[in-house]
Amino acid sequence: MNDTFRRTGATASRVLRQLGHDRRSVGLLIVVPAILLALFKYVYSGADVVFERIGPQLLGIFPFIIMFLITSVTMVRERTSGTLERLLTTLLRRGELIAGYALAFGLAAAIQSAVTVTVSLGLLELSVRSVWVVVVFAVLDAVLGTALGLLFSAFATTEFQAVQFMPAVVLPQLLLCGLLNPRQNMATALRWLSDVLPLTYATDAFTRAGTQVGLNGPMWRDLVVLLGCLAVALGLASLTLRRRTA
């Protein structure tokens with residue numbers, strides 16, 4: 001068990017060092033979600049009610065999208081460069097490798113969420129009733145984007161193909177999560193489809209966090225569903241991990 005923790009920690013440390021040397025990725029991870037929220041705020045500067053209604057949901061959606069993109073491209077780059085193959089010739093197990101990546105990007109997601117929430121509440125004057133609940137779900141959403149990025153990177157052979165999964169995996173969730181149109185107004189088949197997509201539960205949780213205090217029953221359900229999706233995605237990512245591209 002100690003060896004497992006040591007190898008997982010070493011993997012996370014290596015990923016963080018590599019990430020720290022890539023200033024563009026750090027900027028994309030840490031700064032861009034806050035900038036996008038600021039743009040959204042000023043696009044609707046004459047209609048603050050729109051920002052108050054959708055802003056909390058975007059706190060989860062932007063980190064989810066960016067972490068999916070960064071993680072999937074990074075993992076494909078590891079495979080095409082031969083780094084992944086070399087790592088898996090050592091005692092490092094696939095599950096430990098995936099856990100190390102999830103830990104490293106999870107830490108980056110926590111920093112990202114802290115910056116985004118601070119800017120949104122402090123500078124953009126977004127009002128939410130439960131700040132700590134927003135932070136918890138923002139981090140969980142970003143880590144879920146990381147897990148899905150690790151999972152779908154297994155089906156890409158180039159970094160360009162990894163980017164191509166964005167419209168297939170992320171955009172349908174964005175359209176069906178209730179951000180653009182309340183789910184109760186959707187056709188029955190679309191509402192059923194949205195019920196099995198994790199971003200739906202994240203969006204519902206952020207909507208409730210904007211108007212309600214603390215965790216209530218539906219928010220606990222959202223939390224459990226998201227944690228379950230995270231565990232399944234990480235497990236499948238471990239099972240489908242390939243050493244090299246075809």
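From Arg24, atom CZ reaches atom CG of Asp22 across 6.0 Å, with rounding to the nearest 0.5 Å. To the nearest 0.5 Å, atom CE of residue Met166 and atom CD1 of residue Ile65 are 5.5 Å apart. In this structure, CD on Gln184 lies 8.5 Å from CZ on Arg191, to the nearest 0.5 angstrom. The OG1 atom of Thr146 sits 3.5 Å away from atom CE of Met67, with the distance rounded to the nearest 0.5 Å. The OG1 atom of Thr80 sits 11.5 Å away from the CE atom of Met75 when rounded to the nearest 0.5 Å. In this structure, the separation between CG on Leu234 and CG on Leu239 is 11.0 Å, given to the nearest 0.5 Å.
Checking Arg17 against Ser13 by side-chain atom types alone, a donor-acceptor pair falls below 3.5 Å.
For residues 191-239, no residue pair satisfies the ring-ring contact (aromatic ring centres under 6.0 Å, His included) rule, not counting sequence neighbours. Residues in residues 131-144 take part in no salt bridge (charged side-chain N to carboxylate O under 4.0 Å, His left out) pair, two or more places apart or across chains. Note on residues 222-235: pairs passing salt bridge (charged side-chain N to carboxylate O under 4.0 Å, His left out), not counting sequence neighbours, are Arg208-Asp222. For residues 68-121, no residue pair satisfies the ring-ring contact (aromatic ring centres under 6.0 Å, His included) rule, not counting sequence neighbours.
Under the 4.5 Å side-chain heavy-atom criterion for grouping Ile, Leu, Val, Met, Phe, Trp and Tyr, Leu193 is not connected to Leu148 through any hydrophobic cluster. Val32 is connected to Ile61 through a chain of hydrophobic side-chain contacts under 4.5 Å among Ile, Leu, Val, Met, Phe, Trp and Tyr, so both are in one cluster. A single hydrophobic cluster is seen to contain both Val134 and Ile30, as judged by linkage of ILVMFWY side chains at heavy-atom distances under 4.5 Å, directly or through other members. A single hydrophobic cluster is not seen to contain both Val143 and Val224; linkage of ILVMFWY side chains at heavy-atom distances under 4.5 Å, directly or through other members, places them apart. One hydrophobic cluster, built from ILVMFWY side chains closer than 4.5 Å, cannot hold both Leu171 and Met186; they sit in different ones.
Closest heavy-atom contact between Pro63 and Ala142: CB-CB, 4.0 Å. Between Met219 and Ala205, the shortest heavy-atom distance links the atoms CE-O, 3.9 Å. Between Leu29 and Gln112, the closest heavy-atom pair is O-NE2, 2.6 Å. Nearest approach of Ser120 to Leu37, heavy atoms of both residues: OG-CD1, 3.3 Å. Closest non-hydrogen pair, Leu144 versus Pro198, comes out as CD2-CB, 3.6 Å. Here the closest heavy-atom approach between residue Val76 and residue Ala156 is recorded as CG2-CB, 4.0 Å.
Judged by distance alone, with hydrogens and angles left aside, the side-chain atoms of Ser72 form a donor-acceptor pair with the main-chain N or O of Leu69 at under 3.5 Å.
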Assess whether side-chain contact (heavy atoms from CB on, under 4.5 Å) is satisfied between Thr200 and Leu197, documenting all intermediate values. CA-CA 6 Å; Thr200 297; Leu197 300 175; 4.0 Å; yes

Check the pair Leu59 / Thr116 against side-chain contact (heavy atoms from CB on, under 4.5 Å), numbers first and verdict last. CA-CA 7 Å; Leu59 283 172; Thr116 306; 3.6 Å; yes

Residue pair Leu223, Leu140: steps toward the side-chain contact (heavy atoms from CB on, under 4.5 Å) verdict: CA-CA 9 Å; Leu223 185 65; Leu140 182 55; 3.6 Å; yes

Any chance you could lay out the side-chain contact (heavy atoms from CB on, under 4.5 Å) test for Leu103 and Leu107, step after step, and finish with the verdict? CA-CA 6 Å; Leu103 187 61; Leu107 179 59; over 6 Å; no

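Here the options are Leu97, Ile98, Leu150, the test is side chain to side chain contact (heavy atoms under 4.5 Å, CB included), and the partner is Ser238; only Ile98 passes.
A salt bridge is defined here as a Lys NZ or Arg NE, NH1 or NH2 lying under 4.0 Å from an Asp or Glu carboxylate O, and Glu96 with Arg6 fails to meet this definition.
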Name every donor-acceptor pair, under 3.5 Å, that has one atom in a side chain of residues 173-181 and the other anywhere in the protein, sequence neighbours excluded.
from, atom 1, to, atom 2, distance (Å)
Gln173, OE1, Leu199, N, 3.1
Gln173, NE2, Val169, O, 3.1

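Here Arg183 pairs with Ser194, Asp195 under the side chain to side chain donor-acceptor pair (under 3.5 Å) rule; sequence neighbours left out.
Looking at Leu226 and Phe137, their side chains come closer than 4.5 Å, going by heavy atoms from C-beta outward.
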